[in-house]
Structures are given as structure tokens and as C-alpha cells.
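Worksheet for the structure shown next.
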Amino acid sequence: MGEHRDGNGRERGPHVRVAVIGSGFGGLGAAVRLRREGITDFVVLERAGSVGGTWRDNDYPGCACDVPSHLYSFSFAPHPDWPRAFSGQEHIRAYLEQVADVFGLRPHLRFDSEVTMMRWDAERLCWDIETSGGPLSADVVVSATGPLSDPKIPTGAELPGLDSFPGRVFHSARWDHGYDLRGKRVAMIGTGASAIQIVPAIQPEVGRLTLFQRTPPWVLPRVDRAIGGVERWLHRQLPFTARARRGLLWGIRELQVQAFTKRPEVLGVVERVAKRHLARTVEDPALRARLTPGYRIGCKRILLSNTYYPALTRPNVDVVASGLAEVDGSTLVAADGTTAEVDAIVFGTGFHVTDMPIADRVVGADGRTLAEAWADGGMRSLRGASAAGFPNWMTIIGPNTGLGNSSMILMIESQLAYMADFVRQLDVLGGRVALDARPAAVAAWNERVQRRMERTVWNTGGCTSWYRDANGRNTTLWPGTTAEFRSATRRVELSEYEVLRAPRPGTENTGGARNWNTAKVEAGA
């Protein structure tokens, strides 16, 4: 790590080879992969005071994962001691702390260092980064902030009267543990993955719970169980058994992909399972009708729960089949006119996924932010990683890398392999060099992705979901198998990038914002 000064000799803080943003699965995975590549000149910038990402921030009652634990962990860091088939938030967070310790990542972590702005320096071919912990610069930036990191909370302008609500208001991802819900009248806004865990967790203790449901979710039984001591001992003593378990879980989900991406009509079988699950647990036909979705299963995220429907049948729970429209003092008014008096509002309204706030803080080669570059056509990148005009900048869990039925850890590991080859290519090229994705390559990749997206249940299932942006474009999910994505990101194709070299001393630059020498490189060069 060296010191970096700008053209006027002013100190710009330390300089590192790689700056990783975020310390969730993506950021810690990137750090492990960098060390495995022999790279130790890097930092992990984390805005909070500990690692964990979304599994640190989301500690609401009942928080757990809906992907089996043995698949929701790194292949290079198997964990034989998962306590349940679907483990809770506290166990996943503890696993990430363990990864940071076992792989020696602590010296690289910079806590309380939120990135406020980063700008590409075309002269020096590096990123100048401003953080709440001070400035620094880096040759390469790996953004691993994740799509579920910034909660979407309605403002007073979007929800009239909210600012004058006299009670307590918080988002599921910013749970107020200092507020005692016992005996309170609580409104749960939203019916997504967080809400179906929160509702059964808080229902027994609140005085009254009112669920504002804009759209009912499809809910399947959660086949969860405790993993016994003998089973865990077996995984510790015979690691191949854990690998086999992981492989089986992966294979089953790979076989499911075609139903989501090519043949949504076969999902009717799954719908019947979900309807039977609803019918077994909700006897009241009027309530059952309000909880029955009117779109194809899989169009929105399929949820897993054995306790959500039973909680909704309890005497102290009301289900309002309409979204929240306004707030009048302590009275909440739904779009259909239904009212409820409440003491607290819990928003389960999701996250900024297709409009990630980090995009407003990244200024590329032409002086535009990433958000401005994506303003017209939506989020887009090359192989989910590189954006044109933003050299040596990569995302982990970038555009069109999400999954609708499997573990995101599989996609993260594929992107880590791509990141590792990206850094290797910079070494091979030598000198002060950067790689900038060609606009034509980005366009071609995204055209292929969107063409495949047309037949998927996410685009044809008749719902509105957070998978799609304001223009209806699905910029979130990957329309294929994880094996296909792994193959597509196995290596960097140099023909898809421009190679940028720092100007030679004494060479005058006349290229405006892009004032560097560009080497045209063909595949295999």
C-alpha cells in the first residue's frame, strides 16, 4: 500500500491495487479469491462496524434463509455444522465472521468507511475514492454492495401523512430492537420474503397485527428440520458426504431452471401444491380468496413457510387486501378505503435493486455517473461484471446475475473467477494499464440476455415484481442455469475490452475526457 498524490501534489490517501466495497458474501469472497491469487495489496471498505452485509443488517424476528444451508455457503469454505437444513440469520452471520477469521481477512477490513464518491482518473488510470473514513485510490475497484443493501422506504411525498404519524416507523432491514412490540397495534406493509417471516414471529406478542397486502405471494411448504449431531459428525469426518449433499441440492435446482425460463406452463403443477398448502391451513374461504395469487407461480419470488398462513388465521390478525395509500394521524388508510389504528408501522417494502444507490457515486471516464449511464436502457453490463466507460471497475452480483430458484453463492463464485482472470490479464499486459468494456460487447451480451428473458415466467407470468425496472425491463435475473453462467464467466475475453495505457511522459493528450492511449487488442492477444 503506497501513498497517492494528485497532479498538484496534494495527498490523496493510501493507494492499493484493489479496493473491494462491501463485506457480505460478495466482498468477503472477493477478498479470499484475491489472497488465493497471491494479491495482498487490497482493502475491503465496509460502511458498518462489522462484516455480514445483508445478513448483518437484516436481523428482524424470524429472519432465515430460504436456500438450504449446505448450498448457501462457499464451496471453498464448507461448513459441516449447520444446525438446520435452512439456517437462521444468526448462524449465517456467524459463518461470515468465521470466513473472515479463517482466511485472514481482518487486516484488510476497513470498517466505518462508507464510499461517498469515486472518480476515474484518466491520467493515472486509477480510481480516486472518497469514504467516510478518509480518501484512498485503487487500480481496480470491485463493487460488492449487493442488491439487497439499501432498503426502499416510502417518503412523505410518496405516502401522504407519513411524516406526521405519531408512532414508531421502521423498515424490516433496520429493525428497531429498542421498541417493545408487546401489546402494540402493528401494521406490516408488504408481503415479501421478509414479511412472511416477521408476521408469524411477532403475531403471538402484539396486541393487533394488520397486514397490508398489495399482492398475495405464492407460498410453498418449508421442508426444514434440525440437522442432528450424528449427521454433522459425519460431514466433519467424511467431507465428501457434505460435498455430495451440496451437489445433490445444486443438481435438483439446475433441473428446475427450464420451468422458469423456457416452459412456464409446467409450473402449474407447483401451483397446485401451493394451493393445497393454502387450503390445508386457511379454512375461511373469504380469507383464502384474499390470499390466492392471480398470476403464474414463479413470476414473483416463491416463498417458503409453514407458519405464515396459520398466523394470518389468528384472532388478532387482519389481512387488508390492498396497499397502503395514506396516513391520517395514527390511522392507516388502504387504497380500497379500509382503515386501521396502529401504534407502529413496519415496512417490508424491499430494496433499491434496479436503482442501486452506489451507481450515483461512481463517476466514469466521460464524467457521468453510473446511474446516468444506465438512465435510458436500465442496468447493463458485460457478463454481469463490467460497465462500458468505467475501466477497471467490476460488480459482484451485477445486472442480470440474480436467481429465482437457487443459491446466489453459486453466481458469486462464478463472478469471483471472472474477477481473478481480469486481474491476471492486467498483469499479463503489464505497466499502467486498464480494461474498459467495449460498448458493442456490452450491448451484444445484454441483447442475448434479454432475448432469452422473453420466454421466462418472470416476463410472461402476469405480475409486477422487483425483478423488473420502471420500464418493465428485467435487469435483475439470469435466464439460465448456474452452470451456463459459470461457463460464460470462466475467463475474460480481451476482444470484449479496450486496453487503456497511461500516457507516456511528455506525451500531450488531446482526447478530452478519455485522454489516454488506447491499444486495440484482439482475442488471444
Side-chain angles (χ1 to χ4, degrees), residues 4-8 10-22 27 42-47 110 113-147 149-150 352 354-382 384-399 419 422 426 432-439 442 469 475 497-503 509-518:
H4 174 64
R5 297 178 182 273
D6 63 19
N8 296 317
R10 293 175 300 210
E11 185 175 316
R12 296 294 300 153
H15 181 82
V16 295
R17 188 176 183 193
V18 182
V20 179
I21 308 174
F42 71 89
V43 295
V44 179
L45 303 172
E46 170 54 57
R47 66 185 178 185
R110 302 292 181 269
S113 297
E114 181 173 10
V115 172
T116 56
M117 188 63 68
M118 65 178 74
R119 293 178 174 85
W120 176 248
D121 186 327
E123 295 291 338
R124 295 168 180 79
L125 297 188
C126 68
W127 287 95
D128 286 328
I129 307 170
E130 300 292 336
T131 82
S132 56
L136 73 154
S137 62
D139 295 333
V140 178
V141 170
V142 178
S143 179
T145 58
S149 57
D150 292 281
H352 290 278
T354 59
D355 57 342
M356 295 185 293
I358 190 67
D360 289 307
R361 307 177 187 185
V362 183
V363 181
D366 61 1
R368 292 190 302 167
T369 66
L370 186 60
E372 291 169 335
W374 284 346
D376 295 330
M379 297 193 306
R380 55 196 179 277
S381 64
L382 175 61
S386 303
F390 297 82
N392 281 11
W393 185 89
M394 307 186 71
T395 57
I396 304 296
I397 315 183
M419 175 202 72
F422 188 99
L426 294 177
R432 297 292 300 163
V433 65
L435 293 176
D436 187 7
R438 295 179 183 272
V442 175
D469 63 20
T475 58
Y497 288 86
E498 288 183 285
V499 178
L500 315 176
R501 293 192 180 277
N509 297 307
T510 59
R514 294 173 64 89
N515 53 354
W516 51 72
N517 296 330
T518 301

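Numbering starts at 1 and runs along the sequence shown.
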| field | Donor-acceptor contact below 3.5 Å, side chain R361 vs main chain V115 | value | yes
| message | Tell me whether R501 contacts the main-chain N or O of V499 through its side chain, where contact means a donor paired with an acceptor under 3.5 Å. | response | no
| request: Ignoring hydrogens and angles, tell me if any N or O in the side chain of W127 forms a donor-acceptor pair with the backbone of V140 under 3.5 Å. | output: no
| query | In this structure, which one of T145, D150, L370 forms a side chain to side chain contact (heavy atoms under 4.5 Å, CB included) with I358? | reply | T145
| said: When you compare the side chain of P147 with that of I397, does any pair of heavy atoms fall below 4.5 Å? | reply: yes
| Taking only residues two or more places apart in sequence or in another chain, which ones pass side chain to side chain donor-acceptor pair (under 3.5 Å) with D355? | H352
| Counting only N and O atoms by type, is there a donor-acceptor contact under 3.5 Å from the side chain of R432 to the main-chain atoms of R124? | yes
| request: List in chain and number order the residues that pass side chain to side chain donor-acceptor pair (under 3.5 Å) with S386, two or more places apart in sequence or in another chain; answer none if no residue qualifies. | output: Y497
| Quick one: side chain to side chain donor-acceptor pair (under 3.5 Å) partners of R119, sequence neighbours excluded? | none
| query | Less than 4.5 Å apart, any side-chain heavy atom of M117 and any of V363? | reply | yes
| query | For G13, does its backbone N or O pair with a side-chain atom of S137 as donor and acceptor, under 3.5 Å? | reply | no
| Can you check whether V141 reaches I21 side chain to side chain, under 4.5 Å on heavy atoms? | yes
| Pairwise side-chain contact, N392 with L435, heavy-atom cut-off 4.5 Å (strictly under) | yes
